[in-house]
Every structure is written in C-alpha cells, then in structure tokens.
Amino acid sequence: MNDRLGFIGLGTMGAQIARRLLECGIRLAVFDIDKDRSVQFTDIPGCHRAVSAQEVAAAGRVITMLPDSQAVSEVLFGAGALARSLSAGSLVIDMSTGSVPAFLKQAEMLASMQVQMVDIPVGRSPAEARSGQLIAMAGMDRNSSYPVADILSAIAEEIVYAGALGNGLRLKLVNNYMAMVGHVLAGEVLALAKAAGLDRRQTVSLLQKTAAGRGQLLTNYPKKVLAGDITPDFPVSMGIKDIDMALELFSAGNLEGRFGTLARQIFTEAVASGYGDRDCTAVMLHLDETFKSR
C-alpha cells in the first residue's frame, strides 16, 4: 500500500471531494472514464492522473464516487476490473448512492478476494464538499478499524456511524426518499396555490412560518409521537376533514391532488386501526404496524 489514495469518479460531487482531499494534504491518484473530467486534475501538486481504474489500485485505499451501482460494478468487475488489481488487505470506500442489495453483493465478492468494502455516502451540495462540510453516513461503528479517519476529517463536519455494513447507504436512501418526495409535494402545493388564484410568494412566506412548510421533523414529530405522546394536538380524523377541503380546491380547477388522495387513504386506514382520535403524528404508528405485518 502506498501513501496515495485512489479516487474514481470525478463528476459534480466527486470532483469537489477530490479537490478538498488534495487541499487537506491527501495525495490522490484520480481516474474518470470521461477524460474531460480528469484533465482538470493535471499538474495539481499531490495528484496523479491515472489512465485506468486499475492504475489507482496500488494505493490500497480507493474511493468510488459513481452515479449508480451498475457503474460501481463495472469499475470493480467489468472490463479491466479494478478488483483484479487490488492486493489483499485493500479497502474500497464506496461513496456512491446506489442499491443496497447490489452494494452488499459487491462487498461479498470483494471479501472473497480478501478486499474490504465499506459504504460511506455523503450528503449536502458540491459547495459543502469543497469546504469540507458534508455529512458522511458510514456503514460501520465509531470504533471500526477501517482506515478512513483522515478522509472523513477532511470532507465532513458531521459523521453518522450507522452501524452494520450497508446502513450508511440505507440511511442515505431514506434521506433521499424524503427529499425527492418533498420536492414533488412542494411543487404540487405551489401549483395548487397558483391554480387557486393565490399569490405564490405570499403562500411561500406563510408556509415558511408554519409546521407545513418547516417540516414535521422540526415541529410536531419530536414533541408528539417520537416523545411517546399521541394525545391529539390535531387528531387524525380532523386531518381527513382538512384534506377533503383542500381536495375540493383541486376539484374546482378540474385538477387532481395526488399527494392528498394518498394521504387521505392512509389517514383513513389509521382511523380503521383505532387512531382516529389520536394525534396526526400517530400515523407513524399505524405505518409501523402495517410494515410489520408484511
């Protein structure tokens, strides 16, 4: 193992993480299948621009920051496979956001070659990647022997040690699921506001001051269901009534409130499960029961 760190994947996030590592004094061997991405790392002190994925294997520690699991598999096991060039005891640090089953299979295959693999996806934007203010979600415990402390201290201001292998990726996917659903929900809400003849800026200003816009995890969930209190600040049955009234706004414009229709269905199921007079946050308990029964 030499004193360089291998880095594969110089896209929007990867390039900024690589630059941050270099700025923190970590020597890199970088590679990207797109030569236009890797050329920007030419003649940077401490950086070697590799001509193949296999060339970075000599580092002994290799970060992969790639678009999806298929891209990771191609780098590891495809034509000119990185895995065949890694020596026993090497470590692959996957920062990609991909499939959990695919990641675990990759880790299993590498383990059969005496190579370790750990999942450490990251959160936040390219700007935070460059400034070292990412959140890292590590599929390991705090006392793990994986040699990643120098990497994490360079790129992340917060490290969440999620425990078992794959849990870093699981945590990232839970986060991203909420983020992407939130994008669509916010879009539907603001489209409704416009269709209903409301001033969109005024609507946004209001929502920024209420639990609706600030988010349930910052407002009601911590003080209610997550604290073991489901006495009704606002009961599930009343939540259904308010959804119904909002769906009337959609109907008035011959529109469909898809999120509202789904939320009403789940709230109605929660009533049938006995949560009708409980706080709206108790829908989490109903969903816990639903998931457990499947």
*Check the pair Glu269 / Leu287 against side-chain contact (heavy atoms from CB on, under 4.5 Å), numbers first and verdict last.*
CA-CA 9 Å; Glu269 293 169 358; Leu287 290 169; 5.6 Å; no
Examine [X] and [Y] and state if one hydrophobic cluster contains both, with Ile, Leu, Val, Met, Phe, Trp and Tyr joined whenever side-chain heavy atoms are less than 4.5 Å apart.
| X | Y | result |
| --- | --- | --- |
| Val122 | Leu152 | yes |
| Met117 | Val115 | yes |
| Met284 | Ile240 | yes |
| Leu171 | Leu173 | no |
| Val174 | Tyr221 | no |

[X] to [Y] - nearest heavy-atom pair and separation:
| X | Y | answer |
| --- | --- | --- |
| Pro126 | Thr12 | CG-CG2, 3.5 Å |
| Leu66 | Ser96 | N-OG, 2.9 Å |
| Met65 | Gly14 | CG-CA, 3.8 Å |
| Leu10 | Ala18 | CD2-CB, 4.0 Å |
| Cys280 | Gly239 | SG-CA, 4.2 Å |

[X] side chain to [Y] side chain, donor-acceptor N/O pair below 3.5 angstrom:
| X | Y | answer |
| --- | --- | --- |
| Thr42 | Arg49 | yes |
| Tyr275 | Glu289 | yes |
| Arg61 | Gln116 | no |
| Asp94 | Thr64 | yes |

State, yes or no, whether a side-chain contact exists between [X] and [Y] at a heavy-atom distance under 4.5 Å.
| X | Y | answer |
| --- | --- | --- |
| Pro232 | Arg278 | yes |
| Val181 | Met178 | no |
| Val118 | Ile120 | yes |
| Val56 | His48 | no |
| Leu21 | Leu28 | yes |

Taking [X] for its side chain and [Y] for its backbone only, find out whether a donor-acceptor pair lies under 3.5 Å.
| X | Y | result |
| --- | --- | --- |
| Arg20 | Ala15 | no |
| Asp279 | Ile230 | no |
| Asp119 | Leu169 | yes |
| Ser90 | Leu86 | no |
| Asp68 | Ala71 | yes |

Validation: residues 154-161 side-chain donor-acceptor distances under 3.5 Å, sequence neighbours left out:
{"from": "Glu157", "atom 1": "OE2", "to": "Arg124", "atom 2": "NH1", "distance (Å)": "2.4"}

Would you mind writing out the side-chain donor-acceptor pairs for residues 182-204 within the sub-3.5 Å range, not counting sequence neighbours?
{"from": "Glu188", "atom 1": "OE1", "to": "Arg258", "atom 2": "N", "distance (Å)": "3.1"}
{"from": "Glu188", "atom 1": "OE2", "to": "Phe259", "atom 2": "N", "distance (Å)": "3.2"}
{"from": "Asp199", "atom 1": "OD1", "to": "Arg201", "atom 2": "N", "distance (Å)": "3.1"}
{"from": "Asp199", "atom 1": "OD1", "to": "Gln202", "atom 2": "N", "distance (Å)": "2.7"}
{"from": "Arg200", "atom 1": "NE", "to": "Leu190", "atom 2": "O", "distance (Å)": "3.3"}
{"from": "Arg200", "atom 1": "NH2", "to": "Leu190", "atom 2": "O", "distance (Å)": "3.3"}
{"from": "Thr203", "atom 1": "OG1", "to": "Asp199", "atom 2": "O", "distance (Å)": "2.9"}

Drop me the distance from [X]'s [atom1] to [Y]'s [atom2], to the nearest 0.5 angstrom.
| X | Y | atom1 | atom2 | value |
| --- | --- | --- | --- | --- |
| Ile266 | Ser273 | CD1 | OG | 11.5 Å |
| Arg214 | Asn220 | CZ | CG | 9.5 Å |
| Leu22 | Ile17 | CG | CD1 | 12.0 Å |
| Asp32 | Gln40 | CG | CD | 9.0 Å |
| Leu110 | Gln114 | CG | CD | 12.0 Å |
| His286 | Thr268 | NE2 | OG1 | 9.5 Å |

*asked:* Atom CG of residue position Asn254 - does it have more than 12 heavy atoms of other residues, nucleotides or ligands inside 6.0 Å?
replied: no
*Step through the shown structure and confirm whether more than 12 heavy atoms of other residues, nucleotides or ligands are within 6.0 Å of CE on Met113.*
yes
Donor-acceptor pairs are to be reported for all side-chain atoms of residues 98-109 against protein atoms at under 3.5 Å, with residues two or more places apart or in another chain.
{"from": "Ser99", "atom 1": "OG", "to": "Ala102", "atom 2": "N", "distance (Å)": "3.2"}
{"from": "Gln106", "atom 1": "NE2", "to": "Ser69", "atom 2": "O", "distance (Å)": "3.3"}
{"from": "Gln106", "atom 1": "NE2", "to": "Ser73", "atom 2": "OG", "distance (Å)": "2.8"}

*Report the C-alpha separation of Leu82 and Val62 in whole Å, then their side-chain angles, then the decisive distance to 0.1 Å, and conclude whether the side-chain contact (heavy atoms from CB on, under 4.5 Å) test is met.*
CA-CA 10 Å; Leu82 172 67; Val62 179; 4.1 Å; yes
*asked:* Once salt bridge (Lys or Arg N to Asp or Glu O under 4.0 Å) is applied, what residue pairs with a partner in residues 125-138 remain, sequence neighbours excluded?
replied: Glu23-Arg130
*Could you name each residue pair satisfying salt bridge (Lys or Arg N to Asp or Glu O under 4.0 Å) that touches residues 225-251, not counting sequence neighbours?*
Lys224-Asp229, Lys224-Asp233, Asp244-Arg264
Expected list for residues 136-148: side-chain donor-acceptor pairs under 3.5 angstrom, two or more places apart:
{"from": "Asp141", "atom 1": "OD1", "to": "Asn143", "atom 2": "N", "distance (Å)": "3.0"}
{"from": "Asp141", "atom 1": "OD1", "to": "Ser144", "atom 2": "N", "distance (Å)": "2.9"}
{"from": "Ser144", "atom 1": "OG", "to": "Tyr146", "atom 2": "N", "distance (Å)": "3.2"}

*Determine, step by step, whether Lys172 and Asn176 satisfy the side-chain contact (heavy atoms from CB on, under 4.5 Å) criterion, reporting the C-alpha distance in whole Å, the side-chain angles of both residues, the deciding distance to 0.1 Å, and the verdict.*
CA-CA 6 Å; Lys172 176 69 183 291; Asn176 284 18; 3.3 Å; yes
*Does the pair Asp277 and Val236 meet the rule for a side-chain contact (heavy atoms from CB on, under 4.5 Å), with working shown?*
CA-CA 6 Å; Asp277 62 350; Val236 170; over 6 Å; no
